[in-house]
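Below you'll find the structure, written out as structure tokens, and then a few comments.
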Amino acid sequence: MTETCTVCKRKPPVYFRKYSGEKLCKKCFCESIEEKVRATIAKYEMLEFNDKTMIAVSGGKDSLTLLRILHKIEQEFPKAEICAVTIDEGIKGYRDEAVKLAEQAYAELDIEYTVLSFKELYGYTLDEIAEIARKRGKGLTPCAYCGVLRRRAMNIAAKKANATKLATAHTLDDEAQTVLLNLFHGDVWRIARVKPVTDEVHGGLVRRIKPLCEVLERETALYAYFKKIRFQSVPCPYAGTALRNDIRSMLNRMEEKHPGIKYTVFRSAEKIREALEESLEKGELRTCEVCGEPTVGRICKVCEVLEELRINVE
Ligand code: FES
Ligand code: ZN
């Protein structure tokens, strides 16, 4: 007897989901991912029926998959709206292709979008920033600059578009890595702050949601493949710190041997977070004296970084 899909019991399976033991055909696999995203959105109350959600799309497999799935879900809610943003950090020979792929997807799905570049926003491309930092011999890594500046750029784009939520494509892998990264850095309080939906802490900060936070990265890749989504697969030339890369390979090895372990790490962090939140005072955010964006201190990190770059250019 030939084997059939665990769910539909008709078609031949193409994917074995190790952590659940299911063998799925293409159609049932794709539906299971969409269902998972719907369930995650409901579980964490990520969306309200009349939200305008801006999706941050880099052009990679995760964000293009998220775009596709949220576009589908949105059609079930007549009052909900989606739009998208692609941040062009200015990385020669890398970002240009990704922006093109994102724009093709927007056109195909007929989605309102903006492309916002570091250059127009801050006066420098990431390549220029990396060069300044390199010449100076100190400062942050390009990726750390990128993180700070990209987060701000997304918030600015979301406010401009009157979006009420900002969705990013962090997967279960990203989330599990971040938990361990924070632990290995000794930054336990951060575990409380990184979560599937950010709290409403400041009127100027659009709340961020991560609808793929319970989907394995290899499954978003497979979804993209089955749905024939064209995405950029070369990694960013500045990609990640050595530590995150080590944690990624460690978790992948562990997941291979002990299916479901990434989810366990994610769940453990949720429990730690609950406990931490009880003793954590909710820090009020202030308004940056220079740019007016939300900040913890008097001057925000972005203005600090830009000021430091300026001094080094002059
Ligand atoms: Fe961090 Fe590209 S700058 S991944
Ligand atoms: Zn500022």
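Sequence positions, counted from 1, serve as the residue numbers for this chain. We use all heavy atoms of the structure for the numbers below, so side chains are in, but hydrogens, waters and symmetry mates are not. As the structure lists them, so they are numbered: ligands from 1, and atoms in each ligand from 1.
The ligand atoms of ligand 1 that sit less than 4.0 angstrom from a heavy atom of Ala239 are 4 (S). Of all the atoms in ligand 1, the ones that sit under 4.0 Å from a non-hydrogen atom of Tyr238 are 3 (S).
Asn182 meets the side-chain hydrogen bond (donor to acceptor under 3.5 Å, both in side chains) test with no other residue; sequence neighbours excluded.
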Extract all donor-acceptor atom pairs below 3.5 Å that involve side chains of residues 77-87 and protein atoms in other chains or at least two apart in sequence.
{"residue": "Thr86", "atom": "OG1", "partner": "Val57", "partner atom": "O", "Å": "3.0"}
{"residue": "Thr86", "atom": "OG1", "partner": "Tyr106", "partner atom": "OH", "Å": "2.6"}

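Proximity of Cys146 to ligand 1, defined as any heavy-atom pair under 4.0 Å, is confined to the side chain (atoms from C-beta onward).
Residue Cys236: no N/O/S atom is found under 2.8 Å from atom 1 (Fe) of ligand 1.
Aromatic ring centres of Tyr19 and Tyr263 lie farther apart than the 6.0 Å criterion allows.
Proximity of Lys262 to Asn252: side-chain heavy atoms (C-beta onward) are separated by under 4.5 Å at one or more points.
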